[in-house]
Amino acid sequence: MNLEKNLPLKKIAVLTSGGDSPGMNAAIRSVVRSGVTQGLEVLGINHGYLGLLKKMSTPLQLRSVSNILQRGGTILKAGRCLDFLQEDHRKAAAQFLKTAGVEGLIVIGGDGSYRGALALGKEHQIPVVGVPGTIDNDIHGTEMTIGFDTAVNTALEAIDRIRDTAASLDRLFIVEVMGRESGHIAVEVGLAGGAEAILIPENPIPVEEIVQQIQRGIQRGKTSSILVAAEGQKPGRTYDLAEQIRKKSGFEAKVCILGHIQRGGSPTATDRNLASRMGAAAVQVLLQGKANLMISQQSHQIVMSSLEVASKGKRAVDKDLIKLAQVLAN
Ligand code: ADP
């Protein structure tokens, strides 16, 4: 309800912001179809916050979102917009939304996108709701983000393939996965792929210790090993690590950097369904006249949590999983 005018909500907008993640399309589809079915008009904003500044938008109907459920990326396009950090630009964005008759905005993205949404909401009284769309799974308040499961499974498939050649040729591999500030992908994929060591930005391990881990494996009869490393702030850093390992131990490590293949591709059933549930829940939040909330998954249930909390920093990894992976790789 539009509480001020005491009229039912008529029009909402949806955008995808920051990096893309597989399943964003499923979330857009869900927002559009659940919104339209309940009598709402839905405006799609292109290119994230840039679209608000450049007035790039498309009205979305039921058929606008046909055949996108299985597609990676985002039909609305995502991206970063530095201008949105400035108050005067957000004022122009709010003006555009108000002129278009938009009474609520759904932002699919990560913590940075939520900071933008909260600023817009607070400064211009536009109800905003967040949907967690990022492959990194590092948002406070939700145990799962849209795209994480697909990214993990993409990386896992690659690691399984590398395992075949590592075992056949008795080789040491370091596989670099995505994760600049957080190692959720590395930990999940390392555990699932039987990695001999998991290296993440939050838990730096000295090279000497990595070498000892490899040596302990050899003493137990291992003839090949796979280390999984998050890229950290410097994608490609794994080449440096391989060189350091070589200097310290003489071990020749092969490096495989998975890079952006982890962002693309058809979303898994888990991501499609998570996105479908979260998109519909976001529409419900706006219909109920609520705002400043993020749709989250807690104990496998779709619930609402604080957008403010979600906008602050990165959710930490469970370091016990790293220890478990180490024990299981014995
Ligand atoms: P993610 O949403 O994946 O964390 P970013 O951190 O790149 O991605 O943020 C996406 C966009 O959100 C930024 O390009 C910017 O437009 C907006 N944004 C981020 N932080 C702020 C902020 N403090 N104030 C206003 N807008 C912000």
Side-chain angles (χ1 to χ4, degrees), residues 13-25 27-28 45-57 72-74 76-97 105-142 144-148 150-151 178-185 201 230-233 235 260 262-264 271 274-275 278-279 282 291-296 305-316:
V14 58
L15 60 81
T16 47
S17 167
D20 62 308
S21 70
M24 280 184 162
N25 279 328
I28 296 166
I45 308 294
N46 303 113
H47 298 278
Y49 292 126
L50 184 68
L52 292 179
L53 304 185
K54 301 265 183 205
K55 303 186 169 73
M56 293 183 285
S57 64
T74 158
L76 290 178
K77 311 234 182 217
R80 306 197 156 92
C81 171
L82 288 181
D83 282 347
F84 206 70
L85 298 174
Q86 293 170 29
E87 210 177 322
D88 54 334
H89 285 288
R90 290 196 296 272
K91 189 175 176 188
Q95 198 54 52
F96 164 65
L97 285 172
L105 175 66
I106 296 174
V107 172
I108 306 169
D111 58 318
S113 302
Y114 299 161
R115 287 192 284 282
L118 282 166
L120 184 73
K122 278 180 193 158
E123 289 160 6
H124 303 285
Q125 294 71 52
I126 292 172
V128 291
V129 179
V131 171
T134 163
I135 61 168
D136 293 326
N137 204 27
D138 55 1
I139 307 277
H140 285 296
T142 185
M144 201 70 162
T145 60
I146 297 165
F148 177 65
T150 306
M178 277 189 151
R180 291 219 168 180
E181 290 165 88
S182 67
H184 289 275
I185 294 179
E231 63 190 355
Q233 287 305 334
H260 285 83
Q262 293 157 96
R263 261 196 204 282
D271 273 330
L274 183 70
M278 287 183 160
N292 297 342
L293 294 166
M294 181 184 75
I295 307 302
S296 55
S305 59
S306 158
L307 193 61
E308 187 88 41
V309 170
S311 74
K312 294 206 169 108
K314 308 283 182 191
R315 186 172 67 86

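Atoms within a ligand are numbered from 1 in the order they appear, just like the ligands themselves.
- The nearest protein atom to atom 11 (C) of ligand 1, hydrogens excluded, is given as Ser17 OG, 3.8 Å; this is a heavy-atom distance.
- A donor-acceptor pair is defined here as one N or O able to donate and one able to accept, closer than 3.5 Å; no such pair exists between the side chain of Tyr49 and the backbone of Arg90.
- With Asp111 contributing its side chain and Ala310 its backbone, the two residues share no donor-acceptor pair below 3.5 Å.
- The closest approach between a heavy atom of Thr134 and any atom of ligand 1 is not below 4.0 Å.
- Of all the atoms in ligand 1, the ones that sit under 4.0 Å from a non-hydrogen atom of Phe84 are 16 (O), 25 (C), 26 (N).
- By the criterion of a heavy-atom distance under 4.0 Å, both the backbone and the side chain of Ser113 are placed next to ligand 1.
- At least one N or O atom of Gly112 sits closer than 3.5 Å to an N or O atom of ligand 1.
- Considering backbone and side-chain N/O atoms, Arg80 comes within less than 3.5 Å of an N/O atom of ligand 1.
- No donor-acceptor pair under 3.5 Å is formed between the side chain of Thr16 and the backbone N or O of Leu76.
- Formation of a donor-acceptor pair under 3.5 Å by the Arg315 side chain with backbone atoms of Gly141 is not found in this model.
- Residue-level proximity to ligand 1 for Tyr49 is carried by the side chain, the only part with a heavy atom below 4.0 angstrom.
- The shortest N or O to N or O distance between Gly110 and ligand 1 is under 3.5 Å.
- The backbone N or O of Ile135 sits nowhere less than 3.5 Å from a side-chain atom of Ser21 that would complete a donor-acceptor pair.
- Looking at atom 8 (O) of ligand 1, its nearest protein heavy atom turns out to be Gly18 CA, 3.5 Å.
- When only non-hydrogen protein atoms are considered, atom 24 (N) of ligand 1 lies nearest to Leu85 CD2, 3.7 Å.
- Ranking protein heavy atoms by distance to atom 26 (N) of ligand 1, first place goes to Gly116 CA, 3.2 Å.
- Considering backbone and side-chain N/O of Cys81, one or more are found under 3.5 Å from N/O of ligand 1.
- Using modelled atom types, no side-chain atom of Asn137 and backbone atom of His184 make a donor-acceptor pair closer than 3.5 Å.
- Side-chain contact between Asp136 and Lys314: absent, with no pair of heavy atoms (C-beta onward) separated by less than 4.5 Å.
- Atom 23 (N) of ligand 1 has its closest protein heavy atom at Arg115 CB, 3.7 Å.
- Here the CD1-OG1 distance, from Ile108 to Thr145, works out to 13.0 Å after rounding to the nearest 0.5 Å.
- One finds a salt bridge joining Glu308 and Lys312 here, because a Lys/Arg side-chain nitrogen approaches an Asp/Glu carboxylate oxygen to under 4.0 Å.
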